[in-house]
There are 2 protein chains.
Amino acid sequence: MSKLKELYPLTFVDVALFCVDEQGLRVLLVQRALEPEIGRWALPGGILKPDLDASLEAAARRVLGTKIGVDISHLEEVRTFSGADRDPRGWSVAVLYCALLPRDQIDAVAKNKVAAVDWLDPFHIGHRLAFDHALQIEAALRLLQNKVKRNALPLHLMPELFTLTALQRTCEAVLGRSMDKAVFRRRIKGSEDLVETEEFELGRQRPAQLYRARSGFLFE
Amino acid sequence: MSKLKELYPLTFVDVALFCVDEQGLRVLLVQRALEPEIGRWALPGGILKPDLDASLEAAARRVLGTKIGVDISHLEEVRTFSGADRDPRGWSVAVLYCALLPRDQIDAVAKNKVAAVDWLDPFHIGHRLAFDHALQIEAALRLLQNKVKRNALPLHLMPELFTLTALQRTCEAVLGRSMDKAVFRRRIKGSEDLVETEEFELGRQRPAQLYRARSGFLFE
DNA sequence: AGAATAGTGTCTGTCAGACAGTATCGC
DNA sequence: GCGATACTGTCTGACAGACACTATTCT
């Protein structure tokens, strides 16, 4: 078996699942129930199973389903992490994926097969994480921020119907800075992915028009 | 052994090595000397060897050295390709890297351990390629183009000293379209990575000032 | 002088940032 | 009316595209 490890790397998939709540941007972490790094917080992840998985992306989707009970359509590869030292079990490859969860489905996360799950601020993780997962979160966060900087709309983070102000708050949460309202609206008005509805969100003030994402929209 | 294949994927690294010659942008392909896909053209690549390689990127660097005798400092991961069907030897993962070769080192390519090597136009590959390498070239090309579109300067493609016109021709070769000279110069004048020299390239016409890349520059 | 290429000046439209203004609700 | 939030108008500076212009070499 030790001979095997010299020939075949262990292959993992890890997922950085982001959402936005009242506190801002959040990333899902799970507390490890097994060695190695037992008790430490980590990104949800698992071993690639060639007999079960059609691809690495499919493996990531399976892991999200079995470990935390969520079904995410939109997964994007971030990059790989590899080497002999990143996991005590041996030479390993981890392929990191980034995923976004709509803010009205935050509570849908179950905790199958893990000790605990929690949403944490990716800008200030309070824990010392397992393996190289602090690095992984940083890489996923940067990918997400770069896309939003390039005017991609993170509509996967929004509920079915949302106001433009809510969308702006979401982009601000991702970037970690506030934006000018008029500038933001002017920029996104041209987007094909944004569909106006006839509905309004009522509140204590002037009602805000509701929008929805175009079906089949991409986060690009 | 067949049991093994159900547990461990084969892990490959492939490299799309680009250069620019008089014809425009080129990508390096090698003709396979072994089964599977013997005789077909493919990107240079090889199996990850955990006992030799410190990381996937190191593996890519080793493959470039042993197969075609070039030593490339700058490697960038593009993405992974995976699944049961992409290689007849079994469930596999291929991690694709992109690399750039200076135009004055084009002839440095040797052909160790492969039947033949050739530089081909990545926009119009004439051959039917091995595995999913046509897809891989497309992905690497898009990465390269996107960086140049975002005003990154592909200085790794340039020789030690070069004129601004030569740099523009290189960018045009990458993008596959021509650019306005004044616009191009205005844009790159602000770049920290571009260092003016006192030397000039003499020719049949007005001499052109020579530039060099700042040492430690990044392609971003 | 003329050809050829290096390099610059300028007009125009577009868009981001900043900020103030108007509109429409609940109370 | 007042507070609060939605939404819009406008000024300004930066920059891209287009294109014409000047500069410097060789023959």
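Chain identifiers are assigned alphabetically (A, B, ...) following the order of the sequence lines, protein sequences preceding nucleic acid strands; residue numbering begins at 1 within each chain.
When distances run from any side-chain atom of B/Q209 to the nucleotides D/dA18, C/dG7, D/dA16, the shortest one goes to C/dG7. Considering only the side chain of A/V183, C/dG17 comes nearest among C/dG17, C/dC25, C/dA6. Of all nucleotides listed (D/dA18, C/dT8, D/dC7), D/dC7 comes nearest to the side chain of A/R185.
For the pair B/L210 CG and C/dA6 C1', the computed distance is 12 Å after rounding to whole Å. Spacing between atom CZ of B/F200 and atom P of D/dT25 amounts to 9 Å, rounded to whole angstrom units. In this structure, CG of B/D180 is placed 14 Å from P of C/dA6, rounded to the nearest angstrom. In this structure, A/K189 places its NZ atom 13 Å from C1' of D/dG9, rounding to the nearest Å. In this structure, CZ of B/F184 is placed 14 Å from C1' of D/dA16, rounded to the nearest angstrom. Remark: C1' of D/dA6 and CD of A/Q168 are 12 Å apart, rounded to the nearest angstrom. Whole-Å rounding puts the A/L202 CG to C/dC27 P distance at 11 Å. Rounded to an integer number of Å, the gap from A/I188 CD1 to C/dG17 P is 14 Å.
When atom types are taken as modelled, the side chain of A/Q168 and the backbone of A/M179 share a donor-acceptor pair closer than 3.5 angstrom. Of the possible donor and acceptor atoms, none in the side chain of B/Q209 sits under 3.5 Å from a partner among the backbone N and O of B/E196.
Residues A/R186 and A/Q205 both approach DNA chain D. Their nearest nucleotides, taken by heavy-atom distance, put A/Q205 toward the 5′ side. Toward the 5′ end of DNA chain C lies the nearest nucleotide of A/N151, the other residue of the pair A/N151 and A/R206 mapping further downstream. Each of A/R204 and B/T165 has a nearest nucleotide on DNA chain C; the 5'-most of these lies closest to B/T165.
Counting non-hydrogen atoms under 4.0 angstrom, A/A182 reaches a base of the nucleic acid.
A donor and an acceptor atom, one from each side chain of B/S92 and B/R86, are located under 3.5 Å apart.
Surrounding NZ of B/K111 are at most 12 heavy atoms belonging to other residues, nucleotides or ligands under 6.0 Å away.
Ion pair A/R212/A/E160 flagged as a salt bridge, since at least one NZ, NE, NH1 or NH2 atom sits closer than 4.0 Å to an Asp/Glu carboxylate oxygen.
For B/K181, no side-chain nitrogen or oxygen approaches OP1 or OP2 of D/dC19 to under 4.0 Å.
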